[in-house]
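Per chain, numbering begins at 1; letters A, B, ... match sequence-line order.
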Protein chains: 2
Amino acid sequence: MTIRIDSRHLYLQVIDRLKDDIAKGVFQEKEKLPSEFELAKSLGVSRATLREALRLLEEENVIVRRHGVGTFVNPKPLFTSGIEHLTSVSSMIRSAGMEPGTIYLSSSKSFPSEKDIERFQCEKDEQVISIERVRTANGEPVVYCVDKVPSKYLPSDFLRRQEGSIFAAIEETGNIRVTHAVAFIDPSGFHAVASPILECKPETALLVLTQLHYDDNDQVVLFSKNYFKADKFSFHVVRKRV
Amino acid sequence: MTIRIDSRHLYLQVIDRLKDDIAKGVFQEKEKLPSEFELAKSLGVSRATLREALRLLEEENVIVRRHGVGTFVNPKPLFTSGIEHLTSVSSMIRSAGMEPGTIYLSSSKSFPSEKDIERFQCEKDEQVISIERVRTANGEPVVYCVDKVPSKYLPSDFLRRQEGSIFAAIEETGNIRVTHAVAFIDPSGFHAVASPILECKPETALLVLTQLHYDDNDQVVLFSKNYFKADKFSFHVVRKRV
DNA sequence: TTTACATCAGATGTCTGATCTCTACTGTTG
DNA sequence: CAACAGTAGAGATCAGACATCTGATGTAAA
C-alpha cells in the first residue's frame, strides 16, 4: 500500500504515470507493454484499477490492446494535440517553435453588458474585466486577443500586474479550474481593428476563435475572442467517426 | 474479416445499451442512475465490466460520477457534435437545418502526383480519382469540394454513377472503414477558383478544410479540400483541457 | 431554538484472485 | 509440406470483499 500524497483518484495517477513513462520511452523498446498482471504489480495497484486506466488510454489512442496478444503503445503521436486540446495561446506559439510575448493594449473594469450577463449568468452589479492584448511570436504580432472575465473570478490585484496568463490567475484561488471551452471558428478578411494591429496587408485573411471557457460546474468563467494571423499560424483538428 | 455481429466486447455493448436507455429517457427521471450494484445486476454483467463502461461514458461527458453519492446523467448535450466529430458535408448541412444538394463539376482518373504518392503511400502506377463538386444548401452553393482517392478503394463503376457520398462508396466493399481524419483549418480571402463558383463577393472570406481521411489501419484513403462559404456556415469545436 | 458533533446507510473507489476466451506458437501427423 | 491439435500467455470477465467518501439523521451542548 502506497501513501497517498495525491488526493486524486488512483486511476488518474496511473494514467499520468503511464503517459510519462511512454513519453520518456521507458516502454518504447518494441512498442509492447508488460502484461496487465506485471504492470499492476510494478505500479502497486490492482488489475481492476490498471484496466480502468488502460481503457481510457486506449480511448485516447495512446495504446492499442489486442485480446490474447498484449498491449502496445501507439506509434503515432503524429497528429495529436490539435485545436481540440485546450491550451493557452502562449503554449500554442511555443509548440510552433517560437518564443511567445505579450503587449498589453488596455484593461478596464466595467459593468456587464446584456450579452455579458447572459454569457456569465451574473448579476447586473457584478463587474467584468476586459483585457486587450497582442500576442507575439519571436517579436512579431500574430494574435490579437480580447478577453472578458467577471472580476469575482480574478485576484483583486490583477489589473495592476500586467503579466501572466489569465488561466493561471483564474485558477490561483484554487476554487476554479478551467476544464473545457467551446470555440467558434470563423474566417475573416480585413478587420478594422485587428488587421492594422497585426500589421496585415488588407488581403491577408484572419482566423477568429471566439471562445467560451467553462469550469467543472459548467459555469462560463472566461470569454475570449482571438484573431490569428493565419499565414503565421496553422490549426488542425482530429476528427473521429462516431 | 472483421464481420462482427454481436461478438464485440461486452463493455462496448453495455455502453451502447446505456446510451440507448438514456436517449430513450429511461433514466431521465431525476437525472440519477441506479447504483452500480443494481445496474450491473439488471444488465447481467459484473460490476467491473459495468465500471469500464461507466468510466468511458464519464470521459465522454455523458454521465457524471460522484464518490459516495451516485452516478448522474449529464443534462447538457448543448455543444456536442462540433467539428471534432467526423461527419459528411451533407449531414453538416442537414444538421444546420437545410437541404443538401450536389452539383458535379468534373471527375477524372489519372496517375498520382508525387504528393499523392506520399499521401496515400501508393505506387506510381496506381491510378487516383479526382472529383470536383459544389455542395448546396437549399439550392445555394455553400461548399466547393475537391476530393482525391486511389481508385483501388472505389468500386469500378464509381465514375459512371454521379451521385452518393464518397464515404459510402469507399466502405461499400466492406473491407475499409473510414475511422478518423485530420483536418487543417485555414482562412482564405478571395480564392481564384472557389470564390466565383460559390458566387462570393471578393471581400467574403472562406474557411478551407484540408483533410486526410484514415481507415482503421491508419492508411490514408481519401484526401479532400473543402472551401466553405463562411457567412452561411458556422463551425465550432469542443476543446478539453488535458 | 440553534449549533456542533457523532453516527450510520448507501454510494463509488479499490483490491484480490479466480475462470473464460482469444491468439500466436509449436510440435506432431498424414 | 500442409493441416491439425495442444499449449502458454495475454486480455476479458466475473464474484465478492473491504476502503473511503458523502449526505442525512439523531443527539447533546450552547
Side-chain angles (χ1 to χ4, degrees), chain A residues 1-18 21-22 27-74 175 216-217, chain B residues 1-18 21-22 27 29-74 216-217:
Chain A
M1 196 56 164
T2 0
I3 309 172
R4 277 175 59 158
I5 316 164
D6 203 332
S7 60
R8 296 179 315 146
H9 286 157
L10 243 187
Y11 77 96
L12 285 175
Q13 302 178 39
V14 172
I15 287 181
D16 286 351
R17 171 74 182 277
L18 288 175
D21 285 350
I22 290 176
F27 295 132
Q28 199 66 32
E29 37 166 294
K30 267 305 202 299
E31 60 178 341
K32 192 178 183 315
L33 262 61
S35 72
E36 292 184 353
F37 183 81
E38 290 180 36
L39 249 188
K41 203 172 68 176
S42 81
L43 289 175
V45 301
S46 74
R47 255 192 86 202
T49 300
L50 173 68
R51 279 181 62 80
E52 286 196 20
L54 289 179
R55 189 63 78 200
L56 289 178
L57 285 175
E58 185 183 32
E59 186 69 10
E60 260 190 77
N61 266 306
V62 178
I63 59 171
V64 172
R65 320 171 79 182
R66 294 174 55 199
H67 191 176
V69 184
T71 305
F72 306 83
V73 319
N74 231 337
N175 289 328
D216 42 18
N217 291 320
Chain B
M1 308 265 265
T2 48
I3 296 197
R4 29 176 121 156
I5 312 293
D6 219 6
S7 59
R8 296 180 314 146
H9 288 158
L10 243 186
Y11 76 96
L12 286 174
Q13 301 178 38
V14 171
I15 287 181
D16 286 351
R17 171 76 182 276
L18 289 176
D21 286 350
I22 290 176
F27 295 131
E29 36 168 294
K30 266 306 200 301
E31 61 179 341
K32 190 177 185 316
L33 263 61
S35 73
E36 294 183 352
F37 184 82
E38 289 180 37
L39 249 188
K41 203 172 69 175
S42 80
L43 289 174
V45 301
S46 73
R47 230 188 113 203
T49 301
L50 173 68
R51 279 181 61 81
E52 283 197 28
L54 290 180
R55 187 65 77 202
L56 290 179
L57 286 175
E58 186 183 32
E59 187 69 9
E60 259 191 78
N61 265 306
V62 178
I63 60 171
V64 172
R65 321 170 77 183
R66 293 174 54 199
H67 189 178
V69 184
T71 305
F72 306 81
V73 318
N74 231 338
D216 41 18
N217 292 320

- Give me the residues of residues 41-59 of chain B where at least one heavy atom lies under 4.0 Å from an atom of DNA chain C, by number, or none. B:R47, B:R51
- Task: Any chance you could measure B:L39, atom CG, to B:R17, atom CZ, to the nearest 0.5 Å?
- Result: 9.5 Å
- Message: If I take atom CD1 from residue A:I15 and atom NE2 from residue A:H9, how far apart are they, to the nearest 0.5 angstrom?
- Response: 12.5 Å
- Minimum-distance nucleotide to A:S35 side chain [options: C:dT23, C:dA11, D:dA10]: D:dA10
- N or O in side chain of A:T71 less than 4.0 angstrom from D:dG11 OP1/OP2: yes
- Which atom names give the shortest non-hydrogen contact between A:F27 and A:L18, and what distance separates them? CE1-CD2, 4.0 Å
- What's the verdict on salt bridge (charged side-chain N to carboxylate O under 4.0 Å, His left out) for A:R55 and A:E58, showing C-alpha distance, side-chain angles and the deciding distance? CA-CA 5 Å; A:R55 189 63 78 200; A:E58 185 183 32; 3.1 Å; yes
- Inter-axis angle, terminal five-pair segments of the helix from C:dT1-D:dA30 to C:dG30-D:dC1 [nearest 10°]: 10°
- Message: What verdict does the side chain to side chain contact (heavy atoms under 4.5 Å, CB included) test give for B:R51 and A:R51, after you've listed the backbone C-alpha separation in whole Å, the side-chain angles of each residue and the deciding distance to 0.1 Å?
- Response: CA-CA 10 Å; B:R51 279 181 61 81; A:R51 279 181 62 80; over 6 Å; no
- Message: Whole angstroms only, please: what is the NE2-P distance between A:H9 and D:dC21?
- Response: 9 Å
- Decide yes or no, distance alone: a donor-acceptor N/O pair under 3.5 angstrom between the base of D:dT22 and the side-chain of B:H67. no
- Task: Take the protein atom CD1 of A:I15 and the nucleotide atom C1' of C:dG13, then report the distance between them rounded to whole Å.
- Result: 14 Å
- Message: Does B:F37 reach a base, just sugar-phosphate, or nothing at all? Heavy atoms under 4.0 Å.
- Response: nothing
- Atom CZ of A:R65 and atom C1' of C:dT21 are separated, to the nearest Å, by 15 Å
- Check step by step if side chain to side chain contact (heavy atoms under 4.5 Å, CB included) holds for A:L12 and A:L56. CA-CA 10 Å; A:L12 285 175; A:L56 289 178; 5.6 Å; no
- Using atom CD1 of A:I63 as one end and atom P of D:dA10 as the other, report the distance to the nearest whole Å. 15 Å
- Note on the structure: The nucleotide from D:dT13, D:dT22, C:dT14 with an atom nearest the side chain of A:Y11 is C:dT14
- Whole-Å distance, A:E36 CD to C:dT16 P, equals 15 Å
- Message: Quick check for you: to the nearest 0.5 Å, what is the distance between A:I63 atom CD1 and A:T71 atom OG1?
- Response: 5.5 Å
- Task: Quick one: closest heavy-atom pair of B:F72 and B:R66, and the distance?
- Result: CE1-CD, 4.2 Å
- Select from A:V69 and B:V69 the residue whose nearest nucleotide in DNA chain C is closer to the 5' end of that strand. B:V69
- Take the protein atom NZ of A:K32 and the nucleotide atom C1' of D:dG11, then report the distance between them rounded to whole Å. 10 Å
- Query: Can you name the closest pair of heavy atoms from B:L43 and B:L50 and give their distance?
  - Reply: CD1-CD1, 4.0 Å
- Send over the distance from A:L39 CG to C:dC15 C1', rounded to a whole Å. 17 Å
- Task: Please assess A:V45 against A:Q13 for the test side chain to side chain contact (heavy atoms under 4.5 Å, CB included), listing each intermediate value before the final yes or no.
- Result: CA-CA 11 Å; A:V45 301; A:Q13 302 178 39; over 6 Å; no
- Message: I need the CD-C1' distance between B:Q13 and D:dC14, as an integer number of Å.
- Response: 16 Å
- Query: Can you check whether A:R66 has a side-chain N or O nearer than 4.0 Å to OP1 or OP2 of C:dA24?
  - Reply: yes
